[in-house]
Amino acid sequence: MKKIALILFIILFPTTAYCAKTDPDLAKEIEIGRRAMKQIEEQWNLSSDPAVISKLEMIAQRLEPFMSRRIKWEVRLVKTEIMNAFCLPGGFIFFTTGIVDALNTDSELAAVMAHEMIHADRKHSLRMAAESSKVTLGALAVMVLSGGAAAPIILAQVAHVAMTSAYTMELEAEADRLGLDALIKSGYSPTGMITLFERFMAEEYKKPIVDYGVYMNHPDTPKRLSMAVKKLHEMNIPIERKYSLGLLRTEIQEGANDISLKVDGLDVLSAKKNEATRAIVSKVRGELDKYLQLELAPYEIHVVMDSLYIGNHLIVRSIDGMTKPENVRTNLLKAINSARAKYPTSKFFK
């Protein structure tokens, strides 16, 4: 019985030690990653912000089941305004405070995290270093871990590839594709990858030279964006940017005599306060949370007779003492246009 219990435990909760035994390359990768990490940490100042690190660790844990190998991922936070993220062999993930501050939601952070985890999961930096040195992965590990004259050079190369995202386009495409798969399976909004690429494209338009770090060697961002959009369309997954951008957020406010519904702080609907109108406003809020999207065309928000619809979905009927449906429509369009203005490079209707 003890043996059976142990086997079940290992299957359900694989430990790092167990995985290292079943994956002979992993222990070597971890040691290579540790040595490269030591060099990086000697040059960069690390942050110990518990809130940010805990958030990043939570995102990594949520994505981990959808990697092909059982790696014990470790997160580091670097103090710098540079937008960068990278992952060393063996699962050592680095995010800069610059990229954390620049991204709005967990979905966008998860898009970066998934991309970088795939690089380590698929041994991308080691494969490139081995190819450059014209040796096998096994021979590369021996060269590094033996401490010979070539070890510092190879470690520097591995760290450089990871830190500057100097991967081939084929490896980047694989990280994009499999990272998007992991986003979808983990329950994060896959639109986070769409808005991430759009965000970097906006920076390209503003500046002739942009140091992206995480995507610095990839001027063809539009193609990568097109790939992600095409894949979501093929999977019939709607592109809903508000979730990854943190926009079109609804809020109910109650005064002494009235109750109102706001979208991103803008008044959308108000009514005299009583139990009936409180229930109606709460229902309208739920409908807007589901159906109000940045990608809506103006005609999709329409009034028929005395009722407001988004597409075929009834949002609210005309009631005495409440904002008229046609005025609610006008207010909703204002809220959408205000939100879109913050991201002018996004093609909302594509």
Side-chain angles (χ1 to χ4, degrees), residues 6-34 36-37 40 46-47 49-78 84-96 99-100 103 105-127 137 158 162-163 165 167 171-193 196 214 228 231 235 237 243-244:
L6 177 60
I7 291 171
L8 288 173
F9 180 83
I10 289 173
I11 291 173
L12 295 174
F13 305 101
T15 64
T16 303
Y18 174 75
C19 291
K21 289 179 181 178
T22 57
D23 184 352
D25 291 335
L26 184 54
K28 298 173 184 176
E29 290 173 47
I30 292 172
E31 184 57 31
I32 291 172
R34 286 194 187 282
M37 180 173 62
I40 292 170
L46 297 184
S47 169
D49 187 324
V52 176
I53 293 174
S54 294
K55 176 190 284 191
L56 294 173
E57 288 176 341
M58 177 198 71
I59 293 172
Q61 289 169 8
R62 187 163 158 182
L63 291 167
E64 189 276 336
F66 308 104
M67 299 295 121
S68 66
R69 298 190 295 159
R70 300 282 70 81
I71 298 174
K72 185 179 178 181
W73 305 91
E74 296 185 21
V75 177
R76 302 287 189 277
L77 183 63
V78 180
N84 202 357
F86 58 92
C87 191
L88 296 173
F92 303 99
I93 307 167
F94 286 77
F95 270 69
T96 65
I99 198 166
V100 171
L103 304 184
T105 62
D106 287 359
S107 294
E108 288 188 326
L109 288 171
V112 176
M113 182 77 77
H115 179 99
E116 294 307 323
M117 289 172 72
I118 291 295
H119 279 316
D121 184 56
R122 298 305 173 110
K123 311 179 186 181
H124 286 174
S125 61
L126 290 178
R127 284 162 56 184
L137 282 175
V158 169
M163 291 173 63
S165 198
Y167 299 101
L171 296 183
E172 280 297 334
E174 182 176 54
D176 286 345
R177 184 180 70 255
L178 298 180
L180 185 55
D181 285 340
L183 278 183
I184 295 167
K185 293 174 183 176
S186 65
Y188 283 109
S189 170
T191 309
M193 186 168 285
L196 187 69
V214 64
K231 182 165 184 174
M235 298 178 71
I237 296 175
Y243 301 116
S244 57

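Just so it is clear, the structure is predicted and the values come from calculations on it, not from any experiment.
Counting only heavy atoms from C-beta outward, the side chains of L103 and L109 approach each other to under 4.5 Å. I93 places none of its side-chain heavy atoms less than 4.5 Å from the side chain of E74. Using a 4.5 Å cut-off on side-chain heavy atoms (C-beta onward), Y188 and D106 make contact. Under the 4.5 Å side-chain criterion, counting only non-hydrogen atoms from C-beta, Q61 is not in contact with W73. Between F95 and V112 the shortest side-chain heavy-atom distance falls below 4.5 Å. Under the 4.5 Å side-chain criterion, counting only non-hydrogen atoms from C-beta, L171 is in contact with R127. At least one side-chain heavy atom of L77 sits under 4.5 Å from a side-chain heavy atom of V100.
With hydrogens and angles disregarded, no donor-acceptor distance shorter than 3.5 Å links the side chain of S107 to the backbone of G192. Remark: side-chain polar atoms of R34 are not paired, donor with acceptor, to backbone N or O of F92 under 3.5 angstrom.
Counting all heavy atoms, side chain and backbone alike, L196 lies closest to E108 at N-OE2, 4.0 Å. Of all heavy-atom pairs between K231 and L180, the closest is CD-CD2, 3.8 Å. Closest approach of S186 to L63, counting heavy atoms only: OG-CD2, 3.5 Å. Minimum heavy-atom separation, P190 to I184: CB-CG1, 3.7 Å. Residue L26 comes nearest to R70 through the heavy atom pair CD2-O, 3.6 Å, listed as atom of the first residue, atom of the second, then distance. The minimum heavy-atom distance linking G179 with A114 is given by the pair O-CB, 3.6 Å.
E172 and H115 share a donor-acceptor pair across their side chains, judged by distance under 3.5 Å alone. Under the 3.5 Å distance criterion, with hydrogens and angles disregarded, a donor-acceptor pair is assigned to the side chains of D121 and S68.
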Next item on the list: Please lay out, stage by stage, how R62 and E57 fare under the test salt bridge (Lys or Arg N to Asp or Glu O under 4.0 Å).
Entry: CA-CA 9 Å; R62 187 163 158 182; E57 288 176 341; over 6 Å; no
Next item on the list: Kindly determine whether K72 and E64 satisfy salt bridge (Lys or Arg N to Asp or Glu O under 4.0 Å), including the steps that lead there.
Entry: CA-CA 9 Å; K72 185 179 178 181; E64 189 276 336; over 6 Å; no
Check: Is there a side-chain contact (heavy atoms from CB on, under 4.5 Å) between T96 and N84 once you walk through the steps?
Finding: CA-CA 6 Å; T96 65; N84 202 357; 3.6 Å; yes
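Within the model, atoms CG of D49 and CG of L56 stand 9.5 Å from one another, a figure rounded to the nearest 0.5 Å. Rounded to the nearest 0.5 angstrom, L183 CG and L178 CG are separated by 11.5 Å. Of the inter-residue distances, the one linking E174 atom CD with R122 atom CZ reads 5.5 Å to the nearest 0.5 angstrom. Distance check: M117 CE to I71 CD1 gives 8.0 Å after rounding to the nearest 0.5 Å. For the atom pair L88 CG and E29 CD, the distance stands at 11.5 Å (nearest 0.5 Å). Rounding to the nearest 0.5 Å places CZ of R76 at 12.5 Å from OG of S47.
Within a 6.0 Å sphere centred on NZ of K55, heavy atoms belonging to other residues, nucleotides or ligands number 12 at most.
The aromatic rings of F94 and F86 sit parallel, their planes meeting at an angle under 30°, below the 60° perpendicular limit.
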